[in-house]
Every structure is written in structure tokens, then in C-alpha cells.
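Notes for the one structure printed next.
Atoms considered below: every heavy atom in the structure, side chains included; atoms not considered: hydrogens, waters and symmetry mates.
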Amino acid sequence: MKKKLFVGLFGLMMVVAACGGGGDDGANGNGGDDTTANETAAGEELYQQNCASCHGGDLGGGAGPGLVDASDQYDQDDIVSIILEGYGSMAAVAGVSEAEAEDIADYVLEQ
């Protein structure tokens, strides 16, 4: 009886270990796309910190225009330029690096 219980528990532990989380080594079955997911998450966080107060938390607009369909008018370079240099009545976003502006642009374009 003890031997069967031990074998059953051992088998259960092996199944749980095989299905468990493990480290994040980029081998997730999607071609190593963890970087893109991380950049999108970073872009969303940066957007919420720097842009949402004017353009809305859901990109729907507010004091500034909505950005839901931004990809219809702008590409990544356009958005990065607008963030870093300003456009029309929008001032440049202070304290945002070019890399951060790229992450924000990626996030906006993926929505």
C-alpha cells in the first residue's frame, strides 16, 4: 500500500513539475516573442504615466485627441517624433527617452 501511494505521489509530482512555470528563457513556443510582450507592457505603463491624462486611459481622447485609430494616420516614427518634439498644441513630453517613446508608439499602434 505504501509503495503504491509513494509511486502515485511521485507520478503526481512529476506531472506538476512538467506543467509548472519555470524560468522565463524566451522558449515559450511563440518564437521567443517575450521581448515584444514586455515592450508592449512597458509601452502601456509609459502611456498611462505620460499620455493618458490628455488622450484617455483607453486611448479614447479627452483634452487631447483619441488615439484609437492612430495607425490609420501615423507610423512609429511619426508618433516618436510627436512625443519627443511635440505637434500642434501638444508640447514635447518631458523626461521621455527615445526608447521609451518607441515603446509608447508600439503600444498605441497595437491598440
Applying side-chain hydrogen bond (donor to acceptor under 3.5 Å, both in side chains), can you list everything that pairs with Gln48, at least two apart in sequence or on another chain?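 Scan of Gln48 (side-chain hydrogen bond (donor to acceptor under 3.5 Å, both in side chains), adjacent residues dropped) gives none.
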What residues, two or more places apart in sequence or in another chain, satisfy side-chain hydrogen bond (donor to acceptor under 3.5 Å, both in side chains) together with Gln111?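 With neighbours one apart ignored, the set is empty.
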Between Tyr107 and Leu67, is the side chain to side chain contact (heavy atoms under 4.5 Å, CB included) condition met? List the steps. CA-CA 11 Å; Tyr107 169 72; Leu67 301 174; over 6 Å; no
Examine distances only and state if a side-chain atom of [X] and a backbone atom of [Y] form a donor-acceptor pair shorter than 3.5 Å.
X     : Y     : value
Asn50 : Tyr47 : no
Asp69 : Asp72 : no
His55 : Gly60 : no
Gln73 : Ala70 : no

CG on Asp106 to CD on Gln76, rounded to 0.5 Å: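 Answer for the CD-CG pair, Gln76 versus Asp106, is 4.5 Å.
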Would you give the length of the straight line joining atom CG of Asp103 to atom OG of Ser97, rounded to the nearest 0.5 angstrom?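 So the CG of Asp103 and the OG of Ser97 are separated by 8.0 Å.
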Can you give each donor-acceptor pair under 3.5 Å made by side-chain atoms of residues 79-95, sequence neighbours left out, with the distance rounded to 0.1 Å?
from	atom 1	to	atom 2	distance (Å)
Ser81	OG	Glu85	OE1	3.4

CD/Glu110: more than 12 non-hydrogen atoms of other groups inside 6.0 Å: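 Above 12, so yes.
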Compare all side-chain heavy atoms of Ile104 with those of Val96 and state whether any distance is below 4.5 angstrom.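 When only atoms from C-beta onward are counted, Val96 and Ile104 do touch, with a gap below 4.5 Å.
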